[in-house]
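Worksheet: one structure, shown below.
Only heavy atoms go into these numbers, but all of them, side chains included; no hydrogens, no water, no symmetry mates. Here is the naming used below: chain letters follow the sequence lines, and residue numbers restart at 1 for every chain.
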Amino acid sequence: MSDAIKQQNESLSTLNADYAAKYGFHDPVDYFHKGARGLNHEVVEMISRMKKEPRWMAERRHEALDIFYSKPMPKWGNQQALGEIDFENIYYFMKPIERQQDNWDDVPEYIKKTFDRLGIPEAEQKFLGGVSAQYESEVVYHSMKEDLKKQGIVFLDMDSGLREREDIVKKFFGTIIPSTDNKFAALNTAVWSGGSFIYVPPGVNVTVPLQAYFRINAENMGQFERTLIIADKGSRVHYIEGCTAPVYSTDSLHSAVVELIALDDAYIRYTTIQNWSRNIFNLVTKRATVHKNATVEWVDGNLGSRLTMKYPCIQLVGEGARGEVLSVAFAGVDQHQDAGAKMIHAAPNTSSRITSKSISKDNGRASYRGLVKIHKNAVNSKVSVECDALLIGDDARSDTYPTMEIDSEKVRVEHEARVSKVAEEQLFYLTSRGLTEDDARLLIVNGFMEPFTKELPLEYAVELNRLIELEMEGSIG
Amino acid sequence: MTTMNKTDVEYTIPEVTPELERGPVWLRDQRRASREAFNVAEVPPRGLHLWRYTDPKTFLYDRDAVADTAYSENYDIVEKIELDNLKNGNIAALATDLGGRDIKLNGADELAKQGVVLSSLSSAVEHHHELVENYLYRLVNARTGKFEAMNGALWNDGIFVYVPDGVTVDKPIHLLRESGLARSSQFPRLLVVVGKNAELTLIDEYGGGSLDENEGISHANGAVEIFGLEDSRTRYVMLQRQASAMKLYLTHRAQIERGASMLTVPLAFGALLSKENFGVTLNGEGADSNMYGLLFGSGYQHFDNHTLHHHAADNTSSNIDFKVVLKDRSHSAYTGLIRIDNDARTCQAYQENRNLLLNEGVRADTIPELEILNEDVQCSHGATIGPMDPESVFYLEARGIERDEAIRMIVSGFVDHTLKTVPDDLRQRIGTFVAQRLERI
Amino acid sequence: MADFVKVATVDEIAVGEILPLTVHHRDIVICRTADGFFAVADECPHDSSPIALGHVDGHEVVCPRHGARFDLATGDVTAPPAVVGIETYEVKVESNDIFVKLN
Ligand code: FES
């Protein structure tokens with residue numbers, strides 16, 4: 001066993017060697033339409049014009065902006081951090097000079113270099129079904145395997161989706177998360193740019209995960225991607241988004257909206273690994289509607305950022321629908337991961353499970369905030385929630401705020417939460433086996449995260465372990 | 001008159017009321033500060049945290065519209081039971097409190113021989129002014145919240161219990177608090193100080209209130225402060241069995257010091273609508289707190305309960321077991337917070353909330369919260385919500401037990417563990433509350 | 001409780017207005033549209049906001065919190081984020097009086 005550990009540690013430490021080069025860089029900023037900071041109806045109009053959108057979308061944007069103005073900031077959560085967001089000091093739209101490419105050779109060299117360091121081409125070689133890499137606010141590269149097309153699968157960036165499949169977009173856009181939902185959903189609707197649009201026809205099984213990489217690369221730049229995934233009856237799809245961002249000195253806002261629709265008997269898994277730089281506010285609204293006997297799973301890994309507020313929601317509206325949220329949060333120095341899940345049971349015989357794992361280190365704070373709601377008609381429904389928090393360091397903080405609202409008698413709801421530190425006995429055992437204390441601790445942390453990591457594609461699991469190791473470096477408990 | 005227009009009551013406490021003028025300067029200052037705080041505090045916004053399930057406006061009423069009223073006949077029966085209990089030596093003393101206005105004491109003289117004080121708050125303000133001035137308003141005051149400030153300004157009289165250092169009161173002291181009939185309002189207040197290495201069991205029973213909505217609602221807004229000094233042992237049982245047209249707001253706060261232990265047993269059966277908040281601060285090393293809550297809702301009752309265990313010192317431990325049984329169209333919302341401060345090391349805290357739903361149409365909300373600010377902890381909580389286990393019912397039926405009886409047995413089993421923490425004589429009376437509610441199933 | 005209860009008079013509510021009431025322990029609102037009077041629960045099925053502070057728009061009532069809309073006649077959701085309809089109650093008007101039937 002100790003050999004295996006050593007091996008793992010070795011591979012972890014070499015994986016880590018190029019981290020600074022890999023994640024700490026940024027390319028010289030060279031933007032065509034850099035626009036001005038701040039937000040108003042003119043900016044919104046400009047975004048829409050530049051994209052040559054249909055009028056209805058422009059109107060949606062304007063309406064959303066008014067809703068954004070009228071909505072208060074959340075009165076709960078980390079008030080101090082939220083107060084630091086200065087909406088007037090953010091760029092709401094940018095676009096690299098390069099137009100979108102459908103051929104890898106045409107992708108500009110400096111952007112390629114960026115992706116190189118992020119490992120995209122390599123990943124593509126292995127198993128990518130398609131790459132939708134968002135660089136700044138717009139998608140610049142998009143490749144799609146021929147067989148995806150042949151099966152009738154639509155996998156586009158959202159702007160192209162609106163151009164090419166306006167019928168579907170118009171029908172579903174904003175039907176799961178309306179602008180009136182919250183201030184940040186309104187903001188996103190007003191200024192959205194990029195994101196993914198996926199439609200899987202009835203009965204089609206997408207056998208390779210669809211992936212998109214995003215990054216932020218300008219000072220005070222907002223990123224407001226908009227994703228809509230529709231899995232038609234009996235289809236299956238796995239979508240993966242992975243984010244990493246270079247470190248900048250001033251604050252940045254990332255506020256995505258993701259809408260998923262799983263029609264009868266469909267299956268969607270949406271996997272996210274995010275590692276935002278420590279100055280970024282990541283305030284995201286993610287919601288899925290799940291129809292009869294369909295399944296949606298959110299697999300959600302949150303690392304980095306100054307403040308993340310994210311509660312992937314599943315609305316089980318069809319009989320026999322199933323939902324699952326599996327999430328991991330790592331809060332390091334000065335970070336607050338405020339994450340959780342929402343399960344809305346609105347039909348009979350629905351079932352759901354939430355598994356949340358969080359690690360708070362140094363003065364980091366991880367909060368689980370969840371909602372389980374069972375409507376009257378959701379008879380014979382089952383819910384189980386499990387929250388595990390690990391604290392590392394004297395000033396680490398963990399909160400658990402689960403809300404359960406049960407309006408039906410014939411249900412089973414179970415909730416459990418545990419908070420603890422790295423067990424001394426385990427540490428002792430491992431160090432007595434010749435591991436350094438740091439290595440032992442890392443091993444325990446990796447074990448703690450395992451239920452999550454084992455759900456990830458291999459290279460994501462490796463990357464996550466690498467990031468955790470970096471976060472754990474120099475940790476003395 | 002079962003239809004009510006919801007008009008907003010805009011009540012501010014006037015500058016001059018009899019309560020505000022009473023007592024020594026320090027007390028008048030406290031009352032005025034409370035009045036001030038109540039008047040300037042906004043009604044808590046609906047939907048925010050602790051007000052998610054109950055409209056705060058429910059507890060705003062024009063106190064001046066209320067005259068003293070009569071009390072229910074039922075009161076005499078209960079008083080007689082407890083007087084018999086006193087005579088038979090089951091309890092050490094009985095204090096009756098009519099609407100926070102009229103306090104009667106039985107057995108207080110006997111206790112006084114041990115140095116134990118059981119008196120009205122107004123008399124304690126005169127005769128034990130140092131103690132009262134030192135402790136009153138320390139845990140529940142103008143800063144606690146709008147409705148706590150309302151009590152702080154308007155309480156008329158209340159009860160004071162003091163156990164000197166090293167003294168053990170070996171039988172329970174029973175407090176019987178009776179609310180008036182329709183349209184009455186009262187502001188009961190209780191202050192308890194248990195001295196170093198002293199021991200006390202206190203039963204705090206809230207009854208009375210309006211019996212008939214058609215005649216009008218009655219209101220109570222209560223405040224309880226309990227101090228357990230070093231190495232003390234306190235048991236506090238709060239039995240709420242108020243009448244069906246009563247609305248109750250109650251805030252309980254206890255603080256226990258080094259080596260002290262506290263058992264808190266909130267039992268709720270009554271009132272149309274109640275919002276009760278129980279909190280214990282573990283303020284000294286090694287302090288230990290246990291809470292066993294039970295509520296049984298029926299009819300259209302609405303319960304909104306909070307518990308708080310606040311660990312403010314090293315090596316403290318706490319445990320909460322809060323059980324909810326609901327039938328008919330009743331609704332319970334339970335919010336339980338465990339907070340462990342940054343400088344409270346090696347603490348243990350556990351919490352369990354179980355909800356048993358007896359029929360369709362009930363509603364149960366539960367929010368078990370944790371705020372843990374350092375790594376040296378062992379902490380967990382669990383919550384379950386669901387109907388009676390059909391297999392258990394089936395099993396009993398298969399043994400020839402009638403369905404109704406089977407259900408009664410299962411519910412009794414569910415509540416039994418909690419009731420074991422209650423003194424014997426009281427347990428029997430509570431058993432009858434449970435039985436009554438299970439009659440029509 | 002399957003009887004009609006008198007809850008208000010016609011002149012208490014103008015077209016487009018909402019009147020909140022408590023009837024038999026239930027919080028409800030009476031909405032008046034051009035077509036007449038409708039009664040629904042004063043609790044939004046989305047996230048429990050009182051409906052009383054919302055507004056009537058045509059034959060719909062709009063929740064003040066996140067803008068969900070409900071058809072007043074059927075209770076059905078006509079706009080998200082709600083996914084479940086609002087509870088409705090039967091209403092009848094006799095001369096000047098409004099009656100509501102609670103099930
Ligand atoms: S509470 Fe009504 S729309 Fe959310």
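- Separation of atoms CD (A/E409) and NZ (B/K327) is listed at 13.0 Å; rounding is to 0.5 Å.
- Within 6.0 Å of CD in B/E42 there are 12 or fewer heavy atoms belonging to other residues, nucleotides or ligands.
- Taking all atoms of both residues into account, the shortest heavy-atom contact from B/P368 to A/P402 is O-CD, 2.9 Å.
- Heavy atoms closer than 4.5 Å to chain B are found in both the backbone and the side chain of A/A417.
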### Task
Starting from the C-alpha separation in whole Å, work towards a yes-or-no answer on side chain to side chain contact (heavy atoms under 4.5 Å, CB included) for A/R418 and B/Q378.
CA-CA 8 Å; A/R418 281 174 297 274; B/Q378 279 298 327; over 6 Å; no

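- Surrounding NZ of A/K71 are more than 12 heavy atoms belonging to other residues, nucleotides or ligands, all under 6.0 Å away.
- In the displayed structure, A/R353 atom CZ is contacted under 6.0 Å by at most 12 heavy atoms of other residues, nucleotides or ligands.
- Of the atoms belonging to B/N359, it is backbone heavy atoms, and not side-chain ones, that fall under 4.5 Å from chain A.
- With no hydrogens or angles considered, no side-chain donor-acceptor pair links A/D395 and B/N374 at under 3.5 Å.
- The line from CD of A/E416 to CD of B/E352 is 9.5 Å long, rounded to the nearest 0.5 Å.
- Expressed to the nearest 0.5 Å, how far OH of A/Y368 lies from CG of B/L370 amounts to 12.0 Å.
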### Query
Stepwise, does the side chain to side chain contact (heavy atoms under 4.5 Å, CB included) test hold for B/R363 with A/I406?
CA-CA 6 Å; B/R363 174 170 168 180; A/I406 312 305; over 6 Å; no

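- Note that CD of B/E375 and OG of A/S398 are 12.5 Å apart. Values are rounded to the nearest 0.5 Å.
- Of the atoms belonging to B/R354, not a single heavy atom falls under 4.5 Å from chain A.
- The local environment of OH in A/Y69 is crowded, with over 12 non-hydrogen atoms from other residues, nucleotides or ligands closer than 6.0 Å.
- Note that CG of A/D394 and CG of B/D376 are 7.0 Å apart. Values are rounded to the nearest 0.5 Å.
- No more than 12 heavy atoms of other residues, nucleotides or ligands sit less than 6.0 Å from atom NZ of A/K342.
- Proximity to chain B is limited to the backbone of A/S408, based on heavy atoms less than 4.5 angstrom apart.
- Counting heavy atoms from C-beta on, the side chains of B/V377 and A/L391 come closer than 4.5 Å.
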### Message
Is there a side chain to side chain contact (heavy atoms under 4.5 Å, CB included) between A/E405 and B/R52? Walk through the geometry before answering.
### Response
CA-CA 11 Å; A/E405 301 188 342; B/R52 196 172 155 83; 2.9 Å; yes

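- Heavy-atom proximity under 4.5 angstrom to chain A picks out nothing from residues 278-291 of chain B.
- With rounding to the nearest 0.5 Å, the separation of CG in B/L357 from CG in A/D407 is 10.0 Å.
- Interface residue B/Y53: only side-chain heavy atoms are found under 4.5 Å from chain A.
- Using a 4.5 Å heavy-atom cut-off against chain A, the contacting residues of residues 380-394 of chain B are B/S380, B/H381, B/G382, B/A383, B/T384, B/I385, B/G386, B/P387.
- The pair B/E360-A/K376 fails the salt-bridge criterion, with no side-chain N (NZ, NE, NH1 or NH2) lying under 4.0 Å from an Asp/Glu carboxylate O.
- Exactly one residue among B/N353, B/D365, B/T366 makes a side chain to side chain contact (heavy atoms under 4.5 Å, CB included) with A/M404. That residue is B/T366.
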